[in-house]
Amino acid sequence: MNHKTCAVIMETIQGEGGIYPADPGFIKGVRQLCDANDMLLILDEIQCGLGRSGKMFAWQHYGVKPDVMTVAKALGNGLPVGAFLARGKAATAMTPGDHGTTYGGNPLVTAGAKAVLDIFEKRRITEHVNQVGIISARSLRSWLPDLTWSAPAAGWG
Ligand SMILES: Cc1ncc(COP(=O)(O)O)c(C=O)c1O
């Protein structure tokens, strides 16, 4: 970070090169640094988001909130769709039309994404992820006792 830095973008659970959940103290420290220096914290939830960690968004394990987050992959469940969500002053920085793309916001994929989100609610997908997450973690640990392991969620062992 220096005086030219306007934002930090990162994952809370690294997706490439190994699935590495960040240390909670590190994430809280980055949030504090961003707040103290008027920088945005952008959390990339493209791999770790949408229920995969046992919560809807992986940052919910850390007790911090991003200013902006990105989502894709599981949002469309196969349909090519990505999105970013902003809150607070980050949300007011853009107005309709600032971020136009040829296919952005098209009805087909947004209907698909809405259907995915509805299924998440109706079938309580995150609860299911926690159930199978705990069972999978137990099995993996018994098969591979020497495995280096950082549990993404409390209770996953
Ligand atoms: C963590 C992460 N961030 C960003 C991207 C890029 O996403 P997109 O292809 O939707 O732009 C990917 C793609 O694999 C990813 O895994």
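When a ligand or atom number is given, it counts from 1 through the structure's own listing order. What you are looking at is a predicted structure, and each value in this text was computed from that prediction instead of being measured.
In this structure D146 satisfies the side chain to side chain donor-acceptor pair (under 3.5 Å) test with no other residue, sequence neighbours excluded. For H99, the ring-ring contact (aromatic ring centres under 6.0 Å, His included) partners two or more places apart in sequence, or in a different chain, are F84. Partners of K89 under the side chain to side chain donor-acceptor pair (under 3.5 Å) rule, at least two apart in sequence or in another chain, are D38.
Taking CG of L108 as the reference point, atom OH of Y103 lies at 12.0 Å (rounded to 0.5 Å).
The immediate protein surroundings of ligand 1, defined as residues with any heavy atom under 4.0 Å of it, consist of E11, D44, I46, Q47, A72, K73.
For the side-chain hydrogen bond (donor to acceptor under 3.5 Å, both in side chains) criterion with S53, the lone passing option out of H61, E45, Q60 is H61.
Between E16 and Q47, the side chains place a donor N or O and an acceptor N or O closer than 3.5 Å (distance only, hydrogens not considered).
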